[in-house]
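A short worksheet on the structure shown next.
Side chains included, hydrogens not; waters and symmetry mates left out as well; all remaining heavy atoms used. Letters go in sequence order (proteins before strands), and every chain restarts at 1.
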There are 2 protein chains.
Amino acid sequence: MFFMRSINTPDTFPPRSHAAKRQSILDAGARVFYQEGFAGANIDMIAAEAGVSRQTVYNNYGDKEKLFAAVVGEITERCNARAFAVLGTFPDRPRNLEADLVAFALRFNSNCTCDRDGKFLRKLIQSEGARHPELFASWRTEGPGKVWSALAARFARLAFAGFLDVDDPDIAARQFLALINMELQLPAMFGETLSEEDFVLSTRRAVRTFLRAYGRRDGLAPEMAETALQA
Amino acid sequence: MFFMRSINTPDTFPPRSHAAKRQSILDAGARVFYQEGFAGANIDMIAAEAGVSRQTVYNNYGDKEKLFAAVVGEITERCNARAFAVLGTFPDRPRNLEADLVAFALRFNSNCTCDRDGKFLRKLIQSEGARHPELFASWRTEGPGKVWSALAARFARLAFAGFLDVDDPDIAARQFLALINMELQLPAMFGETLSEEDFVLSTRRAVRTFLRAYGRRDGLAPEMAETALQA
DNA sequence: GACGAATTGGACAAGTCCGTCTAAAAATAT
DNA sequence: ATATTTTTAGACGGACTTGTCCAATTCGTC
């Protein structure tokens with residue numbers, strides 16, 4: 001029993017290195033800022049959550065504001081990196097277009113928009129974005145700015161290969177994201193999570209609607225598309 | 001010059017009634033809570049914004065928490081009332097389906113989701129919803145709970161009359177809203193507003209995608225639908 | 001084992017904010 | 001005009017936070 005630190009933090013009794021402590025401060029900061037907002041969070045909570053003295057927080061990050069910036073920066077980076085990793089799994093030559101897009105949408109949501117980092121950013125940007133726009137500037141250029149156009153490029157490729165009928169790939173990409181995120185927003189606002197089945201079901205319906213709008217209207221079969229891709 | 005009260009509040013020199021003061025406290029509370037969040041807002045700001053002494057705030061609402069609840073309650077009511085008013089203008093017998101849906105979407109957004117009350121609720125629910133779920137419970141049942149199904153009913157009617165090909169009106173309604181709100185979310189997070197042209201343009205594209213997904217695929221003309229409705 | 005660096009716990013000043021109280025001023029009703 | 005109620009400005013206590021300081025302790029490394 002003597003090696004018990006805190007209730008909510010993983011038990012890290014064997015003393016951590018300097019770097020490990022820096023990291024647990026960031027993690028604790030993320031948790032507390034997420035729940036309490038910037039104004040509501042206090043350094044003592046964060047220090048306790050991180051299993052560290054308050055002074056160590058100040059030694060490492062100097063300031064509540066600077067700590068917040070560090071947390072936002074780290075999470076922005078992680079979030080964008082993960083988004084691009086998932087973008088790499090976009091189906092370029094789908095064997096079953098609908099199923100492949102559903103799988104991709106599920107991956108994208110559960111790894112990017114629905115995970116802890118994604119929820120953190122959405123909530124914090126919503127509540128602090130207007131007050132500290134500089135803080136989220138890098139998220140904005142790297143996140144929506146690049147992810148959207150990268151996704152648009154993948155849709156354009158799919159359209160060129162004959163799988164889709166897309167006039168404006170940028171719009172299509174954004175509408176795709178809007179549709180697959182639809183059901184997640186309201187529960188996220190209340191800190192709830194969708195059940196796995198509802199999650200899959202709503203994603204299926206989103207992709208189906210997307211394909212009804214952007215699927216090919218002429219009678220071209222996917223086989224034709226294969227040959228078109230090779231040309 | 002002697003009749004100057006505050007910089008940001010409308011000049012209301014002729015003394016206001018009790019009710020008028022109660023109202024300006026609510027309005028000021030909405031503004032301040034919106035910008036600063038619950039934890040960041042302080043009563044002195046609100047009193048100053050309302051052109052009222054701090055004590056009057058306490059006399060009328062007793063408590064910061066109770067004032068917040070009152071503000072949320074009032075705005076929820078206004079917001080839902082306006083949403084249902086706009087829902088009443090849904091095109092039941094469209095002469096031009098696309099144009100009528102665009103007009104409806106523009107009305108809905110600018111009067112409900114995009115106006116001050118709508119932005120207030122979205123932001124506050126995002127930042128305080130997880131902490132005070134009871135506060136927003138009435139918004140949730142009256143807002144999304146009823147607006148969505150009312151909109152679904154209108155779409156169902158449109159489908160029955162032959163204008164649309166809708167399998168699940170509930171999903172269609174939610175997807176319609178997701179599409180027409182798409183471009184508004186990101187700017188709203190940073191306190192920016194879309195230009196009027198971009199607003200209209202994005203609404204047009206949303207409705208077009210919606211109609212590509214839910215428009216009739218067989219060759220039935222809207223004239224046929226008219227006769228079907230009368231039967 | 002010993003040395004320098006990092007960490008701890010707690011005390012501390014300064015500031016903020018909530019909610020209460022009071023006496024004077026203003027508004028309202030009679 | 002007078003009595004009653006509301007409003008105002010300001011002071012106040014208490015609680016909470018931020019950020020600094022410091023002496024004692026622990027850690028990493030030689």
Side-chain angles (χ1 to χ4, degrees), chain A residues 2-6 9 11-29 31-71 128 131-132, chain B residues 2-7 9 11-29 31-71 127-128 131-132:
Chain A
F2 60 88
F3 49 81
M4 205 168 148
R5 283 282 166 96
S6 156
T9 43
D11 210 23
T12 53
F13 173 63
R16 292 153 294 174
S17 68
H18 183 83
K21 281 192 180 174
R22 268 185 79 91
Q23 189 56 49
S24 35
I25 294 172
L26 278 188
D27 290 345
R31 279 194 296 270
V32 175
F33 282 131
Y34 174 73
Q35 294 178 333
E36 316 286 338
F38 180 79
N42 72 0
I43 303 288
D44 292 298
M45 275 191 232
I46 295 173
E49 268 275 308
V52 143
S53 77
R54 177 175 57 245
Q55 187 60 38
T56 303
V57 178
Y58 282 105
N59 284 343
N60 279 281
Y61 294 100
D63 202 317
K64 187 180 181 184
E65 208 101 30
K66 291 202 198 78
L67 172 61
F68 186 60
V71 171
E128 319 285 346
R131 204 198 323 276
H132 311 286
Chain B
F2 59 90
F3 47 82
M4 203 168 153
R5 282 280 166 98
S6 154
I7 297 188
T9 42
D11 210 21
T12 52
F13 173 63
R16 291 154 294 174
S17 67
H18 184 83
K21 282 190 180 175
R22 270 184 78 91
Q23 189 56 48
S24 34
I25 293 173
L26 279 188
D27 291 345
R31 280 193 296 270
V32 175
F33 282 131
Y34 174 73
Q35 294 178 333
E36 316 287 337
F38 181 79
N42 72 1
I43 304 287
D44 293 298
M45 275 190 233
I46 296 173
E49 268 274 309
V52 145
S53 80
R54 178 177 53 246
Q55 187 60 37
T56 302
V57 177
Y58 282 104
N59 284 344
N60 278 283
Y61 294 100
D63 202 319
K64 188 181 180 183
E65 209 100 29
K66 292 202 198 77
L67 172 61
F68 185 62
V71 170
S127 48
E128 321 284 347
R131 203 198 323 276
H132 310 286

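The shortest side-chain heavy-atom distance between A/Tyr58 and A/Ile43 falls under the 4.5 Å cut-off.
Within the model, atoms CD1 of A/Ile46 and CG of A/Leu67 stand 5.0 Å from one another, a figure rounded to the nearest 0.5 Å. Expressed to the nearest 0.5 Å, how far CG of B/Asp27 lies from CD of B/Glu49 amounts to 10.0 Å. We find the OG1-NZ distance between A/Thr56 and A/Lys21 to be 6.0 Å, quoted to the nearest 0.5 Å.
One can place CD of A/Glu65 at 12 Å from P of D/dT18, the figure rounded to the nearest angstrom. Distance CZ (B/Arg22) to C1' (D/dT7): 15 Å, rounded to an integer number of Å. As a whole-Å value, the separation of B/Lys64 NZ from C/dT16 P is 15 Å.
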Would you tabulate the pairs of protein nitrogen or oxygen atoms and nucleotide nitrogen or oxygen atoms of nucleotides 20-25 of chain D closer than 3.5 angstrom?
from   : atom 1 : to      : atom 2 : distance (Å)
D/dC21 : N4     : A/Gln55 : OE1    : 2.6

Enumerate all atom pairs, one protein N or O and one N or O from nucleotides 3-7 of chain C, separated by less than 3.5 Å.
from  : atom 1 : to      : atom 2 : distance (Å)
C/dT7 : OP1    : A/His18 : ND1    : 3.4
C/dT7 : O3'    : A/Lys21 : NZ     : 3.3

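The two residues B/Ala50 and B/Ser24 come nearest to each other via the heavy atoms CB-O, 3.6 Å.
Over its length, the helix from C/dG1-D/dC30 to C/dT30-D/dA1 turns its helix axis by 30°, as judged from the five terminal pairs at each end, rounded to 10°.
Taking the ring-ring contact (aromatic ring centres under 6.0 Å, His included) definition, one finds that B/Phe68 meets it with B/Phe33, B/Phe38, sequence neighbours left out. Judged as a side-chain hydrogen bond (donor to acceptor under 3.5 Å, both in side chains), and not counting sequence neighbours, B/Gln35 has no contacts. Contacts of A/Glu128 classified as side-chain hydrogen bond (donor to acceptor under 3.5 Å, both in side chains), with partners at least two apart in sequence or in another chain: none. Residues passing the side-chain hydrogen bond (donor to acceptor under 3.5 Å, both in side chains) test with A/Asp44, sequence neighbours excluded: A/Arg54. Residues meeting the side-chain contact (heavy atoms from CB on, under 4.5 Å) test with A/Asn59, sequence neighbours left out: A/Gln55.
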- Stepwise side-chain contact (heavy atoms from CB on, under 4.5 Å) check, A/Tyr61 with A/Leu26: CA-CA 10 Å; A/Tyr61 294 100; A/Leu26 278 188; 3.3 Å; yes

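Of the residues in residues 34-44 of chain A, those placing a heavy atom less than 4.0 Å from an atom of DNA chain D are A/Ala41, A/Asn42, A/Ile43, in numerical order.
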